[in-house]
*Asks:* 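Before I ask anything, let me first share the structure, which is written out below as structure tokens.
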Amino acid sequence: MLNIFTKIIIVIALLATFLGTISSQEKDLNTLQTARRNLMPVPANVSWKNGRLPVTKTFAVAVAGKTDERLKSYIFRVMRRLEGRTIFEFSRDLSNDPANAQLLIETASTGNAIPQLGDDESYNLEITEKQAKLTAPTTVGAMRGLETFLQLLEGDAGGFYFPAVSVSDKPRFPWRGLMIDSARHFQPMEVLRRNLDAMAAVKLNVLHWHLTEDQGFRVETKKLPELHLQGSDGLFYTQTEIREIIKFAADRGIRVMPEFDMPGHATAWVVSHPEIASAPGPYQIERQPGIFDPTLDPTNEKTYKLLEVFFTEMSALFPDKYMHIGGDENEGKQWNANAKIQAFMKANNIKDNHALQTYFNKRLLKFLEKNGKIMMGWDEIFQPDLPKNVVIHSWRGQKALAEAAKQGYTGVLSNGYYIDLMFPASQHYVVDPLPADTTLTAEEQKRILGGEATMWSEWVSPETIDSRIWTRTAAIAERFWSPQAVNDVDDMYRRLEIISSQLEELGLTHRRNQDVLLRRLANNQNIFALQTLVGLIEPVKEYRRYQVRPQTMLSPLTGLIDAAQADAIGARRFNMFVKSVVTSNIEKQQAPALKALFNDWKGDGMRLKILIENAPALTEAKQLAPDLQSLGEIGLETVEFLQTGKTSSAEWRDAKLKSLAEIGKQKAGLEFQVVESMKLLVNATAGN
Ligand code: ACM
């Protein structure tokens, strides 16, 4: 029995033999492929040279120019990772001999100790056979360059080395974020720390921290402690912890922007303060996923009194200039049903709920401005009457963002980067905050600050969150950093796997926790067959999980659907292989490889049936075992035609396509991702 990785390697080997004829034409040192090597995000300018800088155990780093503790700590962490890869033990001290150090880092200034939007993150890296020289205007630029430096490490029979190269790099967009929703499912400190490390590794620079929701109020307030005490089940960040995260992020050149979502998404607020809701309480922390009615009352002065205290406290706690007030998905049901609110609107000539929300936002804006903050909110806050200095965060579409930019607002794009929806990296990768066909003027284009991947946490636990974020998010990070012309999807996937392994050295659990979950589900049985299955299936996409497998915020997220991931690797490999085989008409040559694979699917499907009988937590996924077996059997029948060159009958093909359609339907919220490729193969048996 071959495990999934062996199978993948076989498929790669077969594919490589096939592709070898193509890539032999690409020997040029500076072709696009080699120019990108393993770098992600691809730098703005890379020029490869001949030669290599060897890495030995005497590898030393010297610093020149302006240095601060942040940079020194960063260097030591980078050295530690280099040690981990090379298994050399380096000196604990920086070198006093800049001329002979293998890596010389020279920064012109330390820059802002707390990162700010627009900080200079550029750097130059020159590697020769004698030395690598990293120069940057700021500490943060040096950090970005150090990550590129680490990604350049290669090894072969001659040992480890850095290839000679000249890199000159800077980001395309100044705002490159990851939003983490700590509210629906609380995420402990170590989750945030390791994700900040991963963000720095792919040059993301904003942690957008979603801290309040219907399902939880996650920030300690000293002035209004009832908010977090009654709104969080005891799962909140203390202010000391928040300061620690802010420092941890700043040490990696990352801003931390909090979001306090209002006036909707506000149930957790009104658990302790029902008097500021738009309908009488009492309220309890919401346990369901979805959109809910509780909404702050914008006509009540008590609301503003409380919010002023809150925002004043939070403005002092979070040093970032930007503060996100949410503003999304307020359906206005409580407003419509409240006679006092309706009378207020009439008396103040407020024509509809949008205008009422703008009235509310303008009141908030006063508190924020008094505390030196710039307001940011989701699309819905974009209404006439709002001053131009608020930032529009677009989740509903690029059009809305472009429209905001035309009207003079700055904006950030998240539509297209919803990583909770389980789409493949390829889909996110092609979304551009500023598409090539934009109609915006140069001036308007400058208002598109960048983008953010959004990790909404309805269905993520500390155990699975990394697997939902990484590594599709490395591809999104590349979109935000690299030149627009960097858009080769196949090469992105090639590099994504390499970066994914490197992220593991930072403690990210995106890969390893899949086996952790499978072992638990398997009830002490061997998980090989289960690994085959999970390599071929993915959770249902978009918001279908809500319908097909209802759960609450208190449900365990330990099912097979939680172990499964987007971009299932076995399926992706298989689909690539089939596509190349069918488009090149080499079904006959590749039939033996396909046969081996289908035999495994059939055998693993049979093994899985027995495994599931003895693994009660997998009962819901029972049907996936015979489906896997059938996929193998259909494959074997298909291969028989392809190998012998005989053509199949229309009846046979219809029957197989019908079976495949059944197999393609979701079970337990999971879908096989190989069905379309199987159909291609079945149809290929029709002959020409
Ligand atoms: C959102 O997805 N409601 C911002």
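Along the sequence shown, residues are numbered consecutively beginning with 1. These values consider heavy atoms only, across backbone and side chains, with no hydrogens, waters or symmetry-generated copies. Order of listing sets the numbers, starting from 1, for every ligand and every atom in it.
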*Asks:* Is the count of non-hydrogen atoms from other residues, nucleotides or ligands lying under 6.0 Å from Gln284 atom CD greater than 12?
*Replies:* no
*Asks:* Quick one, Val219 with Phe260, criterion side-chain contact (heavy atoms from CB on, under 4.5 Å). Give me CA distance, side-chain angles, the key distance, then yes/no.
*Replies:* CA-CA 10 Å; Val219 55; Phe260 309 108; 3.8 Å; yes
*Asks:* Check whether Asp562 reaches the backbone of Gly559 with its side chain - one donor and one acceptor, N or O, closer than 3.5 Å.
*Replies:* yes
*Asks:* Evaluate Glu329 for polar contact with ligand 1, using N/O atom pairs at a separation under 3.5 Å.
*Replies:* yes
*Asks:* Closest non-hydrogen protein atom to atom 2 (O) of ligand 1, residue and atom name please, with distance?
*Replies:* Tyr418 OH, 2.5 Å
*Asks:* Would you mind checking which non-hydrogen protein atom is closest to atom 3 (N) of ligand 1, with the distance to 0.1 Å?
*Replies:* Asp328 OD2, 2.6 Å
*Asks:* Examine His265 against ligand 1 and note whether any of their N/O atoms are separated by less than 3.5 Å.
*Replies:* no
*Asks:* Within the supplied structure, the quantity of interest is the number of heavy atoms (other residues, nucleotides, ligands) at a distance under 6.0 Å from Lys370 NZ; does it exceed 12?
*Replies:* no
